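First comes the structure, then the notes that go with it.
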Amino acid sequence: MLQQTQVKTVIPYWERWMRELPDIAALAAAPEQRVLKLWEGLGYYTRVRNLQKAAQQIVAEHAGQFPRDCDAVLALPGVGRYTAGAITSIAFNAPAPILDGNVIRVLTRLFDIRENPRDKPTNDLLWHLATQLVQAAFNFQPSTFNSQLLLSGPCSALNQSLMELGATLCTPQNAKCPQCPLRSHCAARREGRVDELPNLGPRAAATAREFHAFVVEQDGEFLVTQRPARGVNAGLWEFPNLEVTGATRPPPDSLKQLLQITARCEPLCEVKHTITRYHITQRVFRVRSAAAADGIPTDTRWLGLAELHALPFTSAHRRILRRLATGS
DNA sequence: TATACGTGGCG
DNA sequence: TCGCCAAGTAT
């Protein structure tokens with residue numbers, strides 16, 4: 001859950017998740033729709049499918065016991081170098097390095113590394129520095145006093161401290177350098193370059209795309225279609241929709257029919273969101289004539305409002321559902 | 001090796 | 001309003 005997602009966002013999801021699926025066996029055995037529902041709104045949906053695969057792999061290959069070996073952890077689906085290091089260092093105090101967005105920021109500033117940390121040589125250097133730091137922590141002999149501050153172990157404490165520093169003081173903007181325990185060691189601060197680092201380079205601009213979506217109601221049920229198994233929001237359910245500008249394929253007749261109807265419909269709302277390459281605007285229309293939906297060729301279902309909430313919708317669609325439920 | 005993948009919060 | 005970024009991974 002924490003991959004590319006802020007702790008604050010994750011907490012309510014994690015609490016609900018742990019109530020519903022309290023252990024590895026429960027996750028491994030759960031229906032995929034239930035697991036997706038618990039993840040609904042968190043984004044990056046392949047993470048949750050990988051997480052369930054990982055649970056099933058642990059049941060099959062590790063007798064249901066979470067592996068302690070770093071290579072076995074790394075072999076789990078959805079677990080990369082960072083997550084394997086985070087788990088084994090934080091949980092087992094293994095001297096495994098971590099490098100996330102926070103640590104990249106802390107280290108590029110601490111050592112005044114001006115190259116783009118996304119470039120391979122610079123990324124290698126940062127992993128090397130993170131390795132040396134956690135090794136030093138592993139060799140550290142705590143005194144009686146500070147051992148009380150290292151209950152989870154020095155490697156665990158070091159890695160969590162690096163991330164926490166980046167999350168609280170060494171922030172992307174308005175870094176709180178006067179409060180930083182490393183201020184006297186920080187090369188970027190000494191050079192007055194804190195605001196210039198990390199140097200991530202420019203981002204590719206997103207292209208605007210516009211869609212019309214149709215909320216088709218019939219006897220208290222709503223028409224939904226399932227997205228393709230690949231690509232954005234793979235396999236999730238949504239209202240039938242059509243790209244209005246820049247469409248690459250001609251719309252099916254039934255959708256064309258819906259599109260013509262939109263001229264007589266009041267827009268329900270407008271939803272905007274951005275993914276890597278596109279700014280997406282969805283104008284959502286309410287269609288009361290169910291006949292308009294006849295013969296829609298894609299995978300479709302009629303579902304009641306309560307059932308709709310049982311499906312893995314994107315948050316944009318959940319906002320619309322709330323409006324439908326409240327009648328506003 | 002470079003891209004694509006979601007969403008929400010913040011200045 | 002808009003751009004940036006977040007406890008990264010898979011392909």
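It should be emphasised that the depicted structure is a prediction, and the values quoted were computed from it without experimental measurement. Chain naming here is simple, since letters A, B, ... match the order of the sequence lines and numbering starts at 1 in each.
- Each of A:V7 and A:L74 has a nearest nucleotide on DNA chain C; the 5'-most of these lies closest to A:V7.
- Distance A:Q173 CD to C:dC5 P: 7 Å, rounded to the nearest Å.
- Between B:dT1, C:dA7, B:dT7, one nucleotide has an atom nearer to the side chain of A:N102 than all others, and that is C:dA7.
- No engagement by A:V10 is indicated, since no non-hydrogen atom pair under 4.0 Å with the nucleic acid exists.
- Looking at heavy-atom distances under 4.0 Å, A:I98 makes no contact with the nucleic acid at all.
- When the side-chain nitrogen and oxygen atoms of A:Y45 are compared with OP1 and OP2 of B:dT7, one or more of them lie within a distance under 4.0 Å.
- A straight line from CD of A:Q4 to P of C:dC4 spans 15 Å, rounded to a whole angstrom.
- The CD1-C1' distance, from A:I280 to B:dC5, rounds to 12 Å in whole Å.
- Between A:L236 atom CG and B:dC5 atom C1' the separation is 12 Å, expressed in whole Å.
- Considering only side-chain N and O atoms, A:T83 lies under 4.0 angstrom from the phosphate OP1 or OP2 of C:dT9.
- When only modelled atom types and interatomic distance are considered, A:Q135 and A:T131 share no side-chain donor-acceptor pair under 3.5 Å.
- C:dG8 atom P lies 9 Å from atom CZ of A:R47, rounded to whole Å.
- Nucleic acid contact for A:V232: sugar-phosphate only, since backbone atoms but no base atoms lie under 4.0 Å from a heavy atom of the residue.
- For A:T5 and A:R47, the side-chain atoms include at least one donor-acceptor pair closer than 3.5 Å.
- With hydrogens and angles ignored, a donor-acceptor pair closer than 3.5 Å exists between the side chain of A:Y44 and the base of B:dG6.
- Nucleotide B:dT1 holds its C1' atom 11 Å from the CG atom of A:D119, rounded to whole Å.
- A distance of about 13 Å separates the P atoms of B:dG6 and C:dT11, rounded to the whole Å.
- Screening A:P178, A:P181, A:C177 for a side chain to side chain contact (heavy atoms under 4.5 Å, CB included) with A:L169, the sole residue that qualifies is A:P181.
- Taking 4.0 angstrom as the limit, A:R118 places none of its side-chain polar atoms (N or O) nearer than this to OP1 or OP2 of B:dT1.
- Nearest-nucleotide positions on DNA chain B for A:T46 and A:K8 put A:T46 closer to the 5' end.
- On a pure distance criterion of 3.5 Å, a polar donor-acceptor pair joins the side chain of A:T5 and the base of B:dG6.
- Following rounding to the nearest Å, A:I104 (CD1) and C:dC5 (P) show an atom-to-atom distance of 11 Å.
- For A:R105, taking side-chain heavy atoms from C-beta onward, the closest of the listed nucleotides B:dT1, C:dC5, C:dT9 is C:dC5.
- For A:H279 and C:dT1, the NE2 to P distance is 13 Å, given to the nearest whole Å.
- Within the structure, every side-chain polar atom (N or O) of A:Q3 is placed at least 4.0 Å from both OP1 and OP2 of C:dG8.
- Here, B:dT3 and C:dA7 have their P atoms 24 Å apart, quoted to the whole Å.
- A cation-pi arrangement is present between A:R16 and A:Y13, with the terminal nitrogen or guanidinium carbon under 6.0 Å from the aromatic centre and inside a 45° cone about the axis.
- In summary, A:R114 and A:E196 do not engage in a salt bridge, as defined by a charged side-chain N under 4.0 Å from a carboxylate O.
- With no hydrogens or angles considered, no side-chain donor-acceptor pair links A:S156 and A:N93 at under 3.5 Å.
- Note on A:K272: every side-chain N or O is 4.0 Å or more away from OP1 and OP2 of C:dT1.
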